[in-house]
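Chain naming here is simple, since letters A, B, ... match the order of the sequence lines and numbering starts at 1 in each. Note that this is a predicted model, so its numbers are computed, not measured.
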There are 2 protein chains.
Amino acid sequence: MKSSPSEVTELAFRGFVRASGLFRNRMIPYFARFGISGAQWGILRQLYREEREGISGLRLGDLGRRLLVRPPSVTGLVERLVRMGLVARKTASADQRAKHVSLTASGRKLVARVLKQHPSQMQSIMACFSIDEQRDFHHLMVKFATHLESLENGQAGNLDHPQFEALEAR
Amino acid sequence: MKSSPSEVTELAFRGFVRASGLFRNRMIPYFARFGISGAQWGILRQLYREEREGISGLRLGDLGRRLLVRPPSVTGLVERLVRMGLVARKTASADQRAKHVSLTASGRKLVARVLKQHPSQMQSIMACFSIDEQRDFHHLMVKFATHLESLENGQAGNLDHPQFEALEAR
DNA sequence: TGCTTTTAGTTAGTATGCTAACTAAATAAT
DNA sequence: ATTATTTAGTTAGCATACTAACTAAAAGCA
């Protein structure tokens with residue numbers, strides 16, 4: 001019993017929605033073990049990476065762009081991290097409007113602690129897939145993300161595959 | 001240049017995180033066109049489905065379980081839908097603790113309106129994939145969701161593919 | 001130079017999600 | 001039957017996200 005093209009589309013769509021929800025519910029308690037949220041981890045990880053490449057601090061806008069989060073959300077997120085003593089925020093010297101955010105010693109230590117656990121956490125999450133399946137999964141996600149990004153700017157439908165029937169031969 | 005197993009795992013993991021964010025950012029403005037949020041659509045769609053199967057109303061707990069959302073969130077979500085006149089909420093006769101939620105005429109009309117647009121929206125989102133890719137995508141999502149569900153209850157790692165732990169014992 | 005526009009970030013207000021702690025009703029146990 | 005426990009939902013308080021509207025600095029242009 002083969003599903004029709006539009007049925008497959010809906011199944012794929014709904015499968016992604018469900019997996020996203022379950023994934024989220026799985027990650028929250030993981031980060032909570034370190035006293036942070038997933039969004040906070042996103043900030044800390046970015047800062048840690050940039051630091052390793054010799055960049056001293058990121059601006060709020062840079063962080064927002066990388067984490068797919070809008071300016072007001074970044075403000076609050078960083079504000080809380082500052083209160084927690086994990087990052088420092090100071091006005092940039094070159095541009096008086098911008099703020100540079102950087103890890104504190106305490107923040108750096110926390111990132112190191114999370115990174116030690118991270119590979120095993122990712123592997124536990126992905127443990128249902130063989131290596132080949134993980135490769136497929138990765139490729140599909142990259143394709144999906146690229147497409148969603150193009151939709152974001154190019155507004156219109158951008159139907160790479162205009163007619164589903166015509167595609168079956170692909 | 002082939003990636004090592006642990007690198008593939010991380011790429012897959014990160015790809016999913018990024019795709020989830022982009023997907024979310026894409027769906028919000030879509031539902032906003034109808035004056036609702038994605039979470040509200042989830043409630044309305046469930047009620048519509050149950051209605052078609054002859055069930056008059058769902059309890060708050062049922063809704064929460066299906067939408068992967070906890071009781072306090074359901075309370076607020078339904079509260080807002082009631083204020084918008086899209087659903088009705090009344091105490092169940094059998095169990096005085098429970099509340100039955102059902103679509104109003106206005107809510108039913110909105111669902112019909114969204115459903116008319118829905119297939120083309122899903123196809124636009126999934127348009128980067130051929131039918132075969134959509135099938136792969138769907139299968140991977142089902143496997144992923146099943147695994148994440150089992151982790152939720154069975155806590156422990158559940159490494160179906162134990163070769164991983166040998167690779168990443170850091 | 002001086003005015004206009006753009007850019008960086010914040011503030012206000014709202015929606016969605018959570019946990020912890022609560023009320024009240026229904027079950028279970030003694 | 002009475003007490004204890006579980007279950008359904010709410011409330012309070014917080015974190016994260018958004019849009020709209022704002023301030024202030026930088027860039028553009030005339």
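As a whole-Å value, the separation of A:L60 CG from D:dT23 P is 20 Å. The CZ atom of B:R70 sits 18 Å away from the C1' atom of D:dA12 (whole-angstrom rounding). For the pair A:R80 CZ and D:dA17 C1', the interatomic distance rounds to 10 Å; values are reported in whole Å. Regarding B:R97, its CZ atom lies at a distance of 17 Å from the P atom of D:dT5, rounded to whole Å. Summarising the geometry, the separation between CG on B:L63 and P on C:dG17 is reported as 12 Å, rounded to the nearest angstrom. The CG-P distance, from A:D95 to D:dA24, rounds to 15 Å in whole Å. When the P atom of D:dT11 is taken as reference, atom CG of B:L77 falls 15 Å away, rounded to whole Å. The CE-P distance, from A:M84 to D:dA15, rounds to 9 Å in whole Å.
Under the 3.5 Å distance criterion, with hydrogens and angles disregarded, no donor-acceptor pair is assigned to the side chains of B:T9 and A:Q123.
Picking from C:dA25, C:dA8, D:dC18 the nucleotide with the shortest atom distance to the side chain of B:R24 gives D:dC18. Taking the side chain of A:P72 as heavy atoms from C-beta on, and the options D:dC18, D:dA8, D:dT16, the nearest nucleotide is D:dC18. If you check D:dG9, C:dT10, C:dC18 against the side chain of A:K99, the one that comes closest is C:dT10.
Among the protein residues, B:G61 comes within range of the sugar-phosphate backbone only, with heavy atoms under 4.0 Å from sugar or phosphate atoms but none that close to a base. In this structure, B:A94 reaches the sugar-phosphate backbone alone: every heavy-atom distance under 4.0 Å involves primed, P, OP1 or OP2 atoms, never a base. Counting non-hydrogen atoms under 4.0 angstrom, A:V69 reaches the backbone sugars and phosphates but no base. No contact: B:A92 has no heavy atom under 4.0 Å from any strand. Backbone-only engagement by A:R59 is indicated by non-hydrogen atom pairs under 4.0 Å involving sugar-phosphate atoms exclusively.
Using cut-offs of 30° and 60° on the angle between ring planes, the pair B:F144 and A:F137 is perpendicular. Classification of the B:F13-A:H118 ring pair by plane angle, with boundaries at 30° and 60°, yields perpendicular.
Judged purely by atom type and a 3.5 angstrom limit, A:T146 uses its side chain to pair as donor or acceptor with the backbone of A:V142.
With DNA chain D read from its 5' end, the first of the two nearest nucleotides for A:S93 and A:G76 is the one closest to A:G76. The nearest heavy atom of DNA chain D to B:P71 and to A:V74 marks one nucleotide each, and the one closer to the 5' end goes with B:P71. Mapping A:H100 and B:L68 onto DNA chain C via the closest heavy atom, the residue that lands nearer the 5' end is A:H100.
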Mind running side chain to side chain contact (heavy atoms under 4.5 Å, CB included) on B:W41 and B:S37 for me, showing each step along the way? CA-CA 6 Å; B:W41 168 245; B:S37 69; over 6 Å; no

Side chain to side chain contact (heavy atoms under 4.5 Å, CB included) assessment of A:V101 paired with A:L58: CA-CA 5 Å; A:V101 184; A:L58 284 175; 5.5 Å; no

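Contact annotation: A:Q40 side-chain N/O to D:dT16 OP1/OP2 distance is under 4.0 Å. Within the structure, every side-chain polar atom (N or O) of B:T75 is placed at least 4.0 Å from both OP1 and OP2 of D:dG9. Distances shown here put every side-chain N or O of A:S73 at or beyond 4.0 Å from the OP1 or OP2 atom of D:dT16.
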